[in-house]
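Fair warning: this is a prediction, and the values are worked out from it, not measured in the lab. Numbers for residues simply follow the sequence, beginning at 1.
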Amino acid sequence: MTVKVLYLVKYENDQKAAMLKSEAMRERAEIHRKAIVDFGGVPIAQYATFGEYDMVYIYEMQDNAHLAANLHLTDSYGLAKYSKAIILMSNEEMTESMVIAAETKTDYSPAT
């Protein structure tokens with residue numbers, strides 16, 4: 001089963017400064033796209049953004065282990081001030097999960 005992910009990145013200020021100084025460092029989407037492919041993933045979309053995050057990536061990995069490995073690598077370089085990976089699911093999967101939640105017998109209850 002493949003995993004689709006929305007990956008949001010805010011770069012460290014020194015990384016942005018390096019991108020301004022070096023033309024080779026500016027094309028972060030292409031560099032990250034290659035890292036996705038290197039781990040067996042499929043890039044779907046990359047966008048630059050304004051505000052809280054600098055870049056948004058949507059891609060697919062073959063499983064959670066490969067996704068985590070890709071994120072470990074990108075995080076280990078310290079390029080990002082912070083990042084967020086959000087697993088995406090189709091509407092059909094969401095509907096299926098609601099059916100499972102509704103039909104599963106459990107003693108779970110809220111604290112109040």
Side-chain angles (χ1 to χ4, degrees):
M1 183 176 118
T2 61
V3 179
K4 283 195 175 107
V5 63
L6 170 66
Y7 184 58
L8 307 156
V9 178
K10 176 68 172 179
Y11 292 120
E12 289 283 3
N13 290 340
D14 64 334
Q15 294 299 314
K16 279 187 166 182
M19 289 177 215
L20 291 174
K21 290 178 186 174
S22 170
E23 188 175 332
M25 291 294 294
R26 289 183 192 147
E27 187 49 63
R28 300 311 304 169
E30 182 58 37
I31 292 165
H32 196 79
R33 188 178 305 118
K34 182 173 180 342
I36 292 167
V37 171
D38 289 345
F39 281 88
V42 177
I44 297 170
Q46 295 90 14
Y47 298 98
T49 61
F50 296 100
E52 185 176 356
Y53 293 95
D54 295 314
M55 294 294 294
V56 174
Y57 302 92
I58 301 171
Y59 59 100
E60 192 171 86
M61 281 290 183
Q62 60 266 48
D63 55 40
N64 284 331
H66 284 81
L67 172 59
N70 176 256
L71 296 175
H72 292 320
L73 176 72
T74 56
D75 289 349
S76 72
Y77 287 120
L79 302 174
K81 184 178 280 189
Y82 51 89
S83 62
K84 182 183 289 189
I86 301 168
I87 303 300
L88 304 173
M89 68 172 80
S90 68
N91 290 330
E92 292 81 11
E93 291 170 313
M94 183 64 165
T95 301
E96 180 184 353
S97 72
M98 289 188 176
V99 170
I100 292 168
E103 294 176 351
T104 299
K105 301 294 183 213
T106 180
D107 290 331
Y108 181 79
S109 64
T112 57

Same apolar cluster: Val37 and Leu67, side chain cutoff 4.5 Å: no
Compare all side-chain heavy atoms of Tyr77 with those of Gln15 and state whether any distance is below 4.5 angstrom. no
Side chain proximity check, His32 to Asn70, heavy atoms < 4.5 angstrom: yes
From Asp14 atom CG to Met19 atom CE, the distance as rounded to the nearest 0.5 Å: 9.0 Å
Ignoring hydrogens, what is the shortest heavy-atom contact between Leu73 and Ser76? Give both atom names and the distance. O-OG, 2.7 Å
Atom NZ of residue position Lys10 - does it have more than 12 heavy atoms of other residues, nucleotides or ligands inside 6.0 Å? yes
Evaluate whether atom CD of Glu93 has more than 12 neighbouring non-hydrogen atoms of other residues, nucleotides or ligands under 6.0 angstrom away. yes
I'd like to know whether CD of Glu23 has more than 12 heavy-atom contacts from other residues, nucleotides or ligands below 6.0 angstrom. no
May I ask you to decide if Ile100's main-chain N or O and Thr104's side chain share a donor-acceptor pair within less than 3.5 Å? yes
Smallest heavy-atom separation, Pro43 atom then Tyr59 atom, equals CA-CB, 3.8 Å
Separation of Asp54 CG from Lys16 NZ (nearest 0.5 Å): 3.5 Å
Answer with yes or no whether the hydrophobic clustering places Tyr47 together with Val9; edges join I, L, V, M, F, W, Y residues whose side-chain heavy atoms lie under 4.5 Å apart. no
Are Tyr57 and Leu8 linked, directly or through intermediate hydrophobic residues, by side-chain heavy-atom contacts shorter than 4.5 Å (ILVMFWY only)? no
Between atom CE of Met55 and atom CG of Leu79, what is the distance when rounded to the nearest 0.5 Å? 12.5 Å
Met61 versus Ile36: any side-chain heavy-atom pair under 4.5 Å? yes
Distance check, rounded to the nearest 0.5 Å: Met98 atom CE versus Thr95 atom OG1? 7.0 Å
Reported OG1-to-NE2 distance for the pair Thr74 and His72, which is rounded to 0.5 angstrom: 9.5 Å
Can you measure from OG1 (Thr2) to NE2 (His66) and round to the nearest 0.5 angstrom? 13.0 Å
When you group the ILVMFWY residues by side-chain heavy-atom contacts below 4.5 Å and let the links chain together, are Ile58 and Val5 in the same group? no
Could you tell me whether the side chain of Asn13 reaches within less than 4.5 Å of the side chain of Lys81, counting heavy atoms only? yes
Are Leu71 and Ile31 connected in a single hydrophobic cluster, I mean Ile/Leu/Val/Met/Phe/Trp/Tyr linked by side-chain heavy atoms less than 4.5 Å apart? no
